[in-house]
S.K.: 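Below are the C-alpha cells for one structure; questions will follow.
Basis for what follows: all heavy atoms, side chains included, without hydrogens, waters or symmetry-related copies. In this chain, residues are counted from 1 in sequence order. This structure is a prediction, so every number in the text was calculated from the model and none was measured.
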Amino acid sequence: MKKIFLLPVLALLLSCTNEAEKEKTKLRIDNLEADVTELKIEKDSLEKELQLLKSRNPVVFSKDFDSLENPEIYIVEALERNSQLIPEKSVLGGTMRFVDSEILNERFIWAAYEDGHVAGEAIFQYKLNEADSVDFKLISEIKN
C-alpha cells in the first residue's frame, strides 16, 4: 500500500521540479535576450562613433609640436583644465566644465561646455608656448 501511495507523490514532486526548472530556464533566457538587446544597442552606438572618427581628417601639426608625445590629447587636456575660459557663468550651484571637444586644425579647437543647466559651444584659438604650455583665446561662442 505504501508503494502505491508513494508513486503519485513522487510523480507530483518530479512534476513540480520540472516546472521550477522550466521557470528558471525561461527567466535565464529572458535575461540573456535582454543582454543581447543591450549589446546590440551598444554595438550600434560604437559603430556610429567609429564612423564619425573615420570621417574626421587627422590634424597635422607643425614642428612646434614635436616636443609633445600626443599633441591632440595634450591640447584637449590643457583646455579642460582651463574652465575659466568658458564664456558662460554657471547657475543654480552648477560648475561649468568642458564636456566635448575636437581639434579643428593646428590653430583652432571647438569645445562644448555645460553646468547641467546652461550649455554652449565655443571655438578657441590655441598656441603652444616655449614652455610647452598652451594659451587659448576665445574666437566665437554659440549659446544653446
Side-chain angles (χ1 to χ4, degrees), residues 5-144:
F5 178 71
L6 287 177
L7 285 176
V9 170
L10 184 60
L12 182 63
L13 285 174
L14 288 174
S15 172
C16 290
T17 304
N18 285 342
E19 287 301 315
E21 287 299 318
K22 286 180 185 177
E23 283 300 314
K24 283 183 186 177
T25 302
K26 183 179 179 342
L27 183 60
R28 179 79 175 132
I29 289 171
D30 290 346
N31 287 338
L32 289 172
E33 286 175 344
D35 289 347
V36 167
T37 300
E38 283 181 37
L39 288 171
K40 283 180 181 178
I41 291 169
E42 185 176 358
K43 176 186 166 275
D44 291 345
S45 174
L46 289 171
E47 283 178 344
K48 287 178 186 175
E49 189 171 339
L50 179 62
Q51 195 67 22
L52 179 64
L53 289 171
K54 285 181 178 179
S55 71
R56 292 181 178 164
N57 293 325
V59 176
V60 179
F61 292 97
S62 68
K63 291 182 180 182
D64 297 340
F65 293 87
D66 284 350
S67 62
L68 302 176
E69 186 174 323
N70 192 334
E72 289 187 5
I73 292 174
Y74 188 84
I75 293 162
V76 167
E77 288 177 350
L79 180 67
E80 289 173 350
R81 285 190 302 273
N82 286 289
S83 60
Q84 75 276 6
L85 294 168
I86 296 173
E88 292 282 326
K89 299 295 179 209
S90 60
V91 297
L92 300 172
T95 302
M96 279 294 182
R97 63 186 174 88
F98 290 105
V99 293
D100 194 13
S101 61
E102 181 178 345
I103 294 180
L104 302 174
N105 58 36
E106 188 180 359
R107 293 178 40 208
F108 299 101
I109 184 170
W110 164 87
Y113 52 84
E114 69 169 43
D115 71 350
H117 306 284
V118 176
E121 301 171 54
I123 296 177
F124 297 92
Q125 184 175 9
Y126 65 90
K127 180 181 176 186
L128 187 65
N129 293 324
E130 291 177 13
D132 286 346
S133 64
V134 184
D135 287 334
F136 295 95
K137 178 183 175 185
L138 178 64
I139 300 298
S140 178
E141 68 178 290
I142 305 164
K143 296 179 183 180
N144 291 341

S.K.: Does Ser140 have any side-chain hydrogen bond (donor to acceptor under 3.5 Å, both in side chains) partners at least two apart in sequence or in another chain, and if so, which?
M.R.: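 Listed in chain order: nothing, the list is empty.
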S.K.: Taking only distance into account, with no hydrogens and no angle test, what donor-acceptor pairs under 3.5 Å do side-chain atoms of residues 87-96 form with protein atoms, sequence neighbours excluded?
M.R.:
{"residue": "Ser90", "atom": "OG", "partner": "Gly94", "partner atom": "O", "Å": "2.9"}

S.K.: Looking at CD of Glu102 and CD1 of Ile123, how far apart are the two atoms once the value is rounded to the nearest 0.5 Å?
M.R.: 10.5 Å
S.K.: Return the set of residues passing side-chain contact (heavy atoms from CB on, under 4.5 Å) with Leu68 (not counting sequence neighbours), or none when no residue passes.
M.R.: Phe65, Pro71, Tyr74, Leu128, Asp132
S.K.: Holding to side-chain hydrogen bond (donor to acceptor under 3.5 Å, both in side chains), I want the full list of residues that pass it with Lys26, two or more places apart in sequence or in another chain.
M.R.: Asp30
S.K.: Would you mind writing out the side-chain donor-acceptor pairs for residues 33-40 within the sub-3.5 Å range, not counting sequence neighbours?
M.R.:
{"residue": "Thr37", "atom": "OG1", "partner": "Glu33", "partner atom": "O", "Å": "3.0"}

S.K.: With rounding to the nearest 0.5 Å, note down the distance linking CD in Glu72 to CD1 in Ile109.
M.R.: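 Taking CD in Glu72 and CD1 in Ile109, the distance rounds to 9.0 Å.
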S.K.: Go through the structure and list residues passing side-chain hydrogen bond (donor to acceptor under 3.5 Å, both in side chains) with Glu23, not counting sequence neighbours.
M.R.: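 If we apply the side-chain hydrogen bond (donor to acceptor under 3.5 Å, both in side chains) test to Glu23, skipping adjacent residues, there are no hits.
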S.K.: According to side-chain contact (heavy atoms from CB on, under 4.5 Å), who are the partners of Asp135, at least two apart in sequence or on a separate chain?
M.R.: Asn129
S.K.: Measuring only between side-chain heavy atoms, which start at C-beta, is Ile103 closer than 4.5 Å to Tyr126?
M.R.: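 Of all side-chain heavy-atom pairs linking Tyr126 with Ile103, at least one is under 4.5 Å.
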S.K.: Quick one: side-chain contact (heavy atoms from CB on, under 4.5 Å) partners of Ala111, sequence neighbours excluded?
M.R.: Leu79, Phe98, Ser101, Phe124
S.K.: Among all residues two or more places apart in sequence or in another chain, which pass the side-chain hydrogen bond (donor to acceptor under 3.5 Å, both in side chains) test with Gln125?
M.R.: none
S.K.: Grab the two heavy atoms, one from Glu141 and one from Tyr113, that are nearest each other, plus how far apart they are.
M.R.: OE1-OH, 4.0 Å
S.K.: Taking all atoms of both residues into account, what is the closest heavy-atom pair of Val134 and Phe136, and its distance?
M.R.: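 Heavy atoms of Val134 and Phe136 come nearest at CG1-CZ, 3.4 Å.
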S.K.: Between His117 and Asp115, what is the shortest heavy-atom contact and its length?
M.R.: N-OD1, 2.7 Å
S.K.: In chain order, what residues pass the side-chain contact (heavy atoms from CB on, under 4.5 Å) check against Asn31, with sequence neighbours excluded?
M.R.: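 In terms of side-chain contact (heavy atoms from CB on, under 4.5 Å), with neighbours along the sequence ignored, Asn31 is linked to Leu27.
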S.K.: Under the salt bridge (charged side-chain N to carboxylate O under 4.0 Å, His left out) rule, collect the residues that match up with Arg97, sequence neighbours excluded.
M.R.: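 Expected list: Glu114.
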S.K.: Measuring from atom CG of Asp100 to atom CD of Glu80, what distance do you get when rounded to the nearest 0.5 angstrom?
M.R.: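 Going from CG on Asp100 over to CD on Glu80, the span is 9.5 Å.
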